[in-house]
Amino acid sequence: MHWWRRGLCTNYRKIKLILTEEQELVRKSAREFASKHLDPGAIKRDDNAEFPHQEVKMMGDLGYMGIMVPEEWDGAGMDTICYSLIIEEISRIDASAGVIVSVNNSLVCQIFVNYGNDYQKEAFLKGLATGDLLGAFSLSEPQSGSDASNMKTVAEKDGSHYILNGTKNWVTNGVNSDLVIVMAVTDQSKGYKGISAFIVPKNLDGILLGKKEDKLGIRSSDTCEIHFDNCRVPIENLISQEGEGYRIALNTLDGGRIGISSQALGIAQAALDKSRSYAKERKQFGSAIVDFGAIKDKISSMGTNIEASRLLIHNAAKLKDMHKPFTKEAAMAKSFSSQTAMDAATDCVQIFGGYGYMQDYGVERLMRDAKITQIYEGTTEIQNMIIARELLED
Ligand code: CAA
């Protein structure tokens, strides 16, 4: 094992958290899994934009694909802090695997847990929770990203089916998923109150996958456009009721933002771990570069922002588990932790200097992977708008 990778393992004791014994165990086993099974192929998978099929299967066996799903639906029945810890540890090694797991858990399984009926849970949730099925979530469209309710995809009722027409884009897991949660307009006269949510198995006729996107980062997770052309979706695949889709999407995204914050945190933690190992070993002007104040400043601000991110994320997770409002807290966690990831990864490349710019060290990958955490599941600008709205309301 290379010495800069070894640094990842020895630094474990430096993370001091107030966790229960169970949460501590979950964290430890996720760390061991990621080091043993995700680390070896991560750089190659990223390079080849190769989906981690085998690794996703293993994560399914460990319960990581249905972390918060109750055991009665074949999930792991863990809390949201455990979910965050697992996503952090996976993303610390492989942020692409982090988003695959995060989307399946918080944007797909959670919709079934919170809004699905028994038939839908039996037919889909059990498979999603065990990793036998992979899920995707589609809200964005070419003309509507942040302005999510301005969607054009329509679902017209026709007897026992809805006929779906339109295009969704930026769909994470879009290529490899078995089913997609699709938000579509069922009543154009009602604005966002006319949006509904559907379970759309990918084997239905009338589904055409657009090209797989060639991305800057998280390259081994797949992202694509999906076109619906008179796709007939059985009426029993409507989630909750007509008109509930937008509320379901936004409520679900609150939880998703805890997942993406945890992914960002994992990237930032990896940047700190690699930076401290390298700075202690690398000698310039006759001493280790960690002895220079400029490097110490970078390490200390990385560490402080990482701890602040972790506290914000765990606070949002705890509120969610207590069934208290957590929209603002999840937005704060995402806004702050994604900036932390970007800053930490950039500083890490700077500390490594020329070596950091080269692919072999896995440091430039952190910088490329960090950027998306400021964009998907609501941009930083949208998170800050949500925070300001709540702080300013009377
Ligand atoms: N939870 C539940 N309901 C909510 C909510 C929340 N967090 N936020 C708002 N709502 C409800 C409101 O109560 C309101 O309903 P009522 O009238 O019945 O009260 C309704 O939704 C509309 O609310 P707003 O007027 O506040 O909505 P808005 O249109 O102004 O939008 C927004 C608010 C925050 C900008 C929202 O559109 C948003 O979050 N945009 C970003 C979308 C996003 O994150 N997209 C990412 C897609 S997924 C992805 O990235 C790809 C992937 O695969 C990972």
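Along the sequence shown, residues are numbered consecutively beginning with 1. First listed ligand is number 1; within each ligand, the first listed atom is number 1.
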Asks: Can you tell me which residue and heavy atom of the protein come closest to atom 30 (O) of ligand 1, and the distance to 0.1 Å?
Replies: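 Atom 30 (O) of ligand 1 sits closest to the protein heavy atom Arg389 NH2, 2.9 Å.
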
Asks: Just to confirm my output: which protein heavy-atom neighbour is closest to atom 39 (O) of ligand 1, and how far is it?
Replies: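 Answer for atom 39 (O) of ligand 1: Arg257 NH2, 3.1 Å.
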
Asks: What protein heavy atom lies closest to atom 3 (N) of ligand 1? Include the residue and the distance to one decimal.
Replies: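 Answer, as residue, atom name and distance: Arg247 CG, 3.5 Å.
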
Asks: Quick one: look at Ser140 and ligand 1, take heavy-atom pairs under 4.0 Å, and tell me if it's side chain, backbone, both or neither.
Replies: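 Side chain only; the backbone of Ser140 stays clear of ligand 1.
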
Asks: Can you tell me if Asn237 and Tyr162 form a side-chain donor-acceptor pair at under 3.5 Å?
Replies: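 No donor-acceptor contact under 3.5 Å links the two side chains.
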
Asks: My understanding is that only residues two or more places apart in sequence, or in another chain, count here; which of them pass salt bridge (Lys or Arg N to Asp or Glu O under 4.0 Å) with Asp343?
Replies: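 Per chain and number, Asp343 pairs via salt bridge (Lys or Arg N to Asp or Glu O under 4.0 Å) with no residue.
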
Asks: Check this for me: Lys36, atom NZ, are more than 12 non-hydrogen atoms of other residues, nucleotides or ligands nearer than 6.0 Å?
Replies: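 Counting other residues, nucleotides and ligands, NZ of Lys36 stays at 12 neighbours or fewer.
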
Asks: Salt bridge or not for Asp47 and Lys44, using N-O below 4.0 Å?
Replies: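 So Asp47 does not pair with Lys44 through a salt bridge.
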
Asks: Which residue owns the protein heavy atom closest to atom 42 (C) of ligand 1, what's the atom, and how far is it?
Replies: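 The closest heavy atom on the protein side is Gly145 O, 3.9 Å.
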
Asks: Does Ile386 approach ligand 1 within less than 4.0 angstrom via side chain, backbone, both or neither, non-hydrogen atoms only?
Replies: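 It is the side chain that touches ligand 1; the backbone stays farther off.
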
Asks: To which protein heavy atom is atom 41 (C) of ligand 1 closest, and what is the distance rounded to 0.1 Å?
Replies: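 The closest heavy atom on the protein side is Ser146 O, 3.6 Å.
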
Asks: Which part of Leu253 is near ligand 1, with near meaning a heavy atom under 4.0 Å away: side chain, backbone, both or neither?
Replies: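 Side chain only.
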
Asks: Any non-hydrogen protein atom below 4.0 Å of atom 9 (C) of ligand 1?
Replies: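 It does: a protein heavy atom is found less than 4.0 Å away from atom 9 (C) of ligand 1.
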
Asks: Atom 25 (O) of ligand 1: protein heavy atom closer than 4.0 Å?
Replies: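 There is no protein heavy atom less than 4.0 Å from atom 25 (O) of ligand 1.
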
Asks: Ligand 1 versus Met183, non-hydrogen atoms closer than 4.0 Å: side chain, backbone, both, neither?
Replies: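 The answer is neither.
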
Asks: Students should be able to answer this: which protein heavy-atom is nearest to atom 35 (C) of ligand 1, and at what distance?
Replies: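 Answer, as residue, atom name and distance: Met385 CE, 3.5 Å.
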
Asks: Which atoms from ligand 1 have a heavy atom of Trp170 less than 4.0 Å away?
Replies: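 Listed by number with element: 51 (C), 52 (C), 53 (O).
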
Asks: Thinking salt bridges, do Asp46 and Arg368 make one under a 4.0 Å N-O criterion?
Replies: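 A salt bridge is present here (some side-chain N lies under 4.0 Å from a carboxylate O).
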
Asks: Considering only non-hydrogen protein atoms, determine which one is nearest to atom 7 (N) of ligand 1 and report residue, atom name and distance to 0.1 Å.
Replies: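 In this structure, atom 7 (N) of ligand 1 has Asp254 OD2, 2.8 Å as its nearest protein heavy atom.
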
Asks: Would you check if Glu225 and Lys168 make a side-chain contact, meaning some heavy-atom pair closer than 4.5 Å?
Replies: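 No, too far: nothing below the 4.5 Å cut-off.
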
Asks: With respect to atom 20 (C) of ligand 1, which of Phe326, Tyr376, Phe137, Tyr192 exhibits the smallest heavy-atom separation?
Replies: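 Nearest option to atom 20 (C) of ligand 1, by heavy atoms: Tyr192.
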
Asks: In the complex you have, is atom 1 (N) of ligand 1 within reach of the protein, judged by whether a heavy-atom distance drops under 4.0 Å?
Replies: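 Under 4.0 Å from atom 1 (N) of ligand 1, at least one protein heavy atom found.
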
Asks: Any idea how Phe112 and Phe124 line up, ring-wise: parallel (<30°), tilted (30 to 60°), or perpendicular (>60°)?
Replies: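 Tilted: the ring planes of Phe112 and Phe124 meet at 30° to 60°.
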
Asks: Can a salt bridge be assigned to the pair Asp214 and Arg219 using a cut-off of 4.0 Å between side-chain N and carboxylate O?
Replies: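 A salt bridge links Asp214 with Arg219.
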
Asks: Between Glu89 and Arg31, is the closest basic N to carboxylate O distance under 4.0 Å?
Replies: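 Result for this pair is yes, salt bridge flagged.
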
Asks: Which residue holds the protein heavy atom closest to atom 38 (C) of ligand 1, what is that atom called, and what is the gap in Å?
Replies: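 Of the protein heavy atoms, Leu250 CD2, 3.8 Å lies nearest.
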
Asks: Looking at atom 28 (P) of ligand 1, tell me if a protein heavy atom falls under 4.0 Å from it.
Replies: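 Looking at atom 28 (P) of ligand 1, one finds that a protein heavy atom does lie closer than 4.0 Å.
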
Asks: Got an N/O contact under 3.5 Å between Glu377 and ligand 1?
Replies: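 Yes, at least one N or O pair falls under 3.5 Å.
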
Asks: Does Thr327 approach ligand 1 within less than 4.0 angstrom via side chain, backbone, both or neither, non-hydrogen atoms only?
Replies: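 Side chain only.
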
Asks: Are any of the side-chain nitrogens in Asp205 or Arg232 under 4.0 Å away from the carboxylate oxygens of its partner?
Replies: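 A salt bridge is absent here (no side-chain N lies under 4.0 Å from a carboxylate O).
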
Asks: What class does the angle between the rings of Tyr361 and Tyr355 fall in, given that below 30° is parallel, 30 to 60° is tilted and above 60° is perpendicular?
Replies: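 Taking Tyr355 first and then Tyr361, their aromatic rings sit tilted (interplane angle of 30° to 60°).
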
Asks: Ion pair present between Arg310 and Glu307, side-chain N to carboxylate O less than 4.0 angstrom?
Replies: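 Judged by the 4.0 Å cut-off on N to carboxylate O distance, Arg310 and Glu307 do not form a salt bridge.
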
Asks: Using distance alone, decide if ligand 1 has a nitrogen or oxygen within less than 3.5 Å of any nitrogen or oxygen in Ile382.
Replies: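 N/O-N/O distance under 3.5 Å: no.
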
Asks: For Glu88, is there an ion pair with Arg92 - N to carboxylate O distance below 4.0 angstrom?
Replies: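 Glu88 and Arg92: not salt-bridged.
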
